Amino acid sequence: EEMSDEVRSFLDTGIYRLVRDGSKVVFLDPVRILNHSYSRFWVSPSAYYSRSFETTTAALKTDAVEDSRILKKRKRTRAPRDLNESERAAEKRHQEARTFLLNAHKVFLEAAELQALLPELVKSEVSLPTRRASEQKFIQLGSLWQAPLYEISLCFRNKNLSDDTGGYRLGDHGGTIIVHQLYNNLICNETNEDVEAEFQSNHYILPSRSCFHMTTEFRIKSDLRQVRNLVPGNLHKSNQTLSFAHSKDGFNFIVIDPPWENGSACQKAMYPTLPNRNFLYLPVKELAHEEGALVALWTTNREKLRIFVENELFPAWGVTKFVLSYWLKVKPDGSLIGELDLFHHRPYECLLLGYINLQNDDSRAMPFEYLGINQVIVSIPGDYSRKPPLGQLLKDHIPGPKPAKCIELFARELGAGWTSWGNEPLHFQDSKYFVER
Ligand code: SAM
């Protein structure tokens with residue numbers, strides 16, 4: 001059968017753009033996008049999409065828990081006239097989003113070629129490797145007194161690596177093994193290929209030119225200042241007195257998915273959350289490149305949070321000119337993962353995109369396409385409310401020199417050329433999420 005250019009390009013990039021009647025809708029396959037970060041591995045579709053992958057019992061269980069939660073919520077949902085003031089405001093926002101989202105979903109469903117591909121995306125690899133059940137609990141380990149003593153071994157295949165940061169020894173296959181302190185340390189794979197790392201008999205895949213900083217303490221607000229270790233000029237100087245103002249080396253793209261408090265017990269068990277005000281201490285402005293940075297902030301649908309972001313957080317970070325995008329979550333059959341009108345359980349999330357340090361008369365900055373309109377990102381969600389990757393999708397909207405320098409705060413995964421900061425940035429790098437090429 002003839003393949004259209006759009007399909008061919010989608011199969012390569014994982015990005016399918018649908019532009020109809022002035023609305024901007026884009027479908028993403030995170031697996032295909034993430035694959036561009038790796039040279040020796042593929043991201044395993046069945047591990048990524050395990051929520052939608054019927055044969056894993058774990059996924060079924062998660063769904064059962066979620067379903068019963070939705071049912072309980074549904075019983076508790078009150079009639080609109082009982083809503084309090086902020087709930088009414090949130091409802092108003094939702095109504096505005098609603099038309100926009102329904103139209104986007106319609107456009108998505110009408111793309112017949114794309115619909116035909118969906119079920120294939122979540123299919124298992126030919127032979128599914130046996131998966132270890134145990135997953136490393138980085139957050140818990142980081143809270144132990146031993147945390148500073150934990151070490152991770154990076155296994156480079158190349159023998160001739162010069163090493164100035166950690167101890168090293170020769171590996172079994174003639175490569176070099178470099179040992180780093182795991183927590184509160186900036187660890188980089190500066191080579192141009194994937195590197196395997198080992199920690200307590202689990203293996204992790206580190207993409208080319210990726211860096212991560214796994215932080216330990218997270219109980220008090222001042223701990224967020226740890227991010228300052230990543231402020232340009234402070235790199236490689238962790239645990240020392242820090243200085244600022246080196247923004248020539250700053251980041252052009254800053255993705256932030258904070259651990260917002262949101263009353264959901266399920267979320268609480270998964271990772272610690274922080275009160276909104278703590279995020280005012282994130283040195284986002286300092287992380288930005290002097291020729292400008294695009295900031296992508298994931299938020300929830302809660303009205304109080306949206307007001308806080310617009311009135312306090314963005315001004316504190318120096319973020320201006322922002323637009324609102326939506327992430328619409330669908331199943332492999334194209335339908336929404338839940339009812340659009342379920343009050344506390346929307347099938348969409350909000351993404352605020354804004355700029356820092358952008359000068360109107362900027363002749364120094366490299367040309368980029370200013371992001372001026374709302375768009376809808378459609379994708380099949382992965383596990384643990386994992387967000388779809390944004391770097392490729394937004395690359396034309398990132399100011400400053402190319403290739404853009406990108407950082408993700410509160411990250412649970414790494415990317416080629418990215419810096420990841422959080423208390424579990426290796427979470428999705430576990431080798432169980434990958435298959436060898
Ligand atoms: N964007 C991620 C993804 O798509 O997989 C999800 C990020 S999740 C909303 C927030 C993350 O922040 C969790 O991994 C949580 O453990 C981490 N976190 C919570 N408190 C933290 C703190 N004080 N310092 C660093 N990370 C923290």
Side-chain angles (χ1 to χ4, degrees), residues 28 30-31 33-34 37 43 47-51 62 135-143 147 182-186 204 210 212-230 238 253-264 266-284 287 295-302 305 309 327 329 348-353 377 379-391 393-394 406-415 418-430 433:
L28 301 183
V31 171
I33 298 174
L34 293 174
S37 272
V43 176
Y48 189 97
Y49 289 120
S50 68
R51 258 182 82 159
T62 323
E135 204 156 72
Q136 206 51 259
K137 303 265 185 286
F138 290 112
I139 305 176
Q140 284 88 329
L141 287 181
S143 69
L182 177 60
Y183 285 97
N184 301 327
N185 189 17
L186 186 76
Y204 301 90
S210 65
F212 71 93
H213 186 283
M214 180 138 59
T215 179
T216 52
E217 299 144 84
F218 46 81
R219 280 187 201 84
I220 50 172
K221 73 179 182 201
S222 60
D223 293 333
L224 274 182
R225 294 186 179 150
Q226 271 214 43
V227 193
R228 301 217 151 140
N229 292 331
L230 300 173
S238 325
F253 187 33
I254 304 174
V255 175
I256 313 172
D257 184 14
W260 305 118
E261 285 178 339
N262 77 345
S264 140
C266 206
Q267 199 116 21
K268 264 183 199 139
M270 241 156 57
Y271 54 75
T273 57
L274 289 167
N276 292 349
R277 306 207 62 79
N278 291 34
F279 301 110
L280 292 167
Y281 296 92
L282 278 176
V284 177
L287 288 169
V295 175
L297 177 72
W298 291 98
T299 67
T300 69
N301 296 313
R302 277 178 52 233
L305 176 62
V309 170
W327 172 34
K329 301 181 223 180
Y348 66 90
E349 293 189 36
C350 301
L351 177 68
L352 290 167
L353 297 159
I377 299 166
S379 79
I380 302 169
D383 250 351
Y384 302 104
S385 69
R386 189 176 182 180
K387 306 292 192 299
L390 300 172
L393 176 68
L394 297 172
C406 308
I407 188 169
E408 180 170 355
L409 305 181
F410 304 102
R412 290 190 297 192
E413 67 187 359
L414 310 184
W418 282 67
T419 299
S420 300
W421 177 90
N423 61 15
E424 47 177 353
L426 290 184
H427 181 92
F428 289 118
Q429 300 308 126
D430 190 306
Y433 292 104

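This is a predicted model, so every value here is computed, not measured. In each ligand, atom 1 is the first atom listed, and ligand 1 is the first ligand listed.
In terms of polar-atom proximity, Arg386 is not counted as a contact of ligand 1, lacking any N or O under 3.5 Å from an N or O of the ligand. At a 3.5 angstrom cut-off on N or O pairs, Thr215 does not count as close to ligand 1. By the 3.5 Å distance cut-off applied to N or O atoms, Arg412 is counted among the residues near ligand 1. The distance criterion of under 3.5 Å between nitrogen or oxygen atoms is met by Glu424 with respect to ligand 1.
From Leu394, atom CG reaches atom CD1 of Ile377 across 6.5 Å, with rounding to the nearest 0.5 Å. A distance of 7.0 Å separates CG in Leu393 from CD1 in Ile33, rounded to the nearest 0.5 Å.
At a heavy-atom cutoff of 4.0 Å, ligand 1 is contacted by the backbone of Pro258 but not by its side chain. When heavy-atom distances to ligand 1 are checked against a 4.0 Å cut-off, Trp421 comes that close only through its side chain, counted from C-beta outward.
Among Ser420, Ala411, Pro389, Pro272, the residue whose heavy atom sits closest to atom 19 (C) of ligand 1 is Pro272.
For ligand 1 and Phe428, the ligand atoms under 4.0 Å from any heavy atom of the residue are 5 (O). Close approach of ligand 1 to Ile139 (heavy-atom distance below 4.0 Å) involves ligand atoms 16 (O). For ligand 1, the atoms lying closer than 4.0 Å to a non-hydrogen atom of Leu274 are 23 (N).
At a 4.0 Å cut-off, at least one heavy atom of Glu408 sits close enough to ligand 1 to count as contact. Not a single heavy atom of Trp298 lies less than 4.0 angstrom from ligand 1. Put simply, no part of Trp260 is less than 4.0 Å from ligand 1, judged by heavy atoms.
Here the side chain of Ser420 pairs a donor or acceptor atom with the backbone of Glu413 at under 3.5 angstrom.
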Stepwise, does the ring-ring contact (aromatic ring centres under 6.0 Å, His included) test hold for Phe279 with Phe410?
CA-CA 11 Å; Phe279 301 110; Phe410 304 102; 5.8 Å; yes
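In this structure, the side chains of Tyr204 and Leu414 stay at 4.5 Å or more apart for every pair of heavy atoms. Using a 4.5 Å heavy-atom threshold, the side chains of Tyr433 and Val43 count as separate.
Aromatic ring orientation, Phe138 versus Tyr183: perpendicular (interplanar angle above 60°, classes split at 30° and 60°). In this structure, Tyr384 and Phe428 have tilted ring planes: the angle between them lies in the 30° to 60° band.
Remark: Lys387 is not positioned above the aromatic ring of Trp327, lacking an NZ or CZ atom under 6.0 angstrom from the ring centre and at most 45 degrees off the axis.
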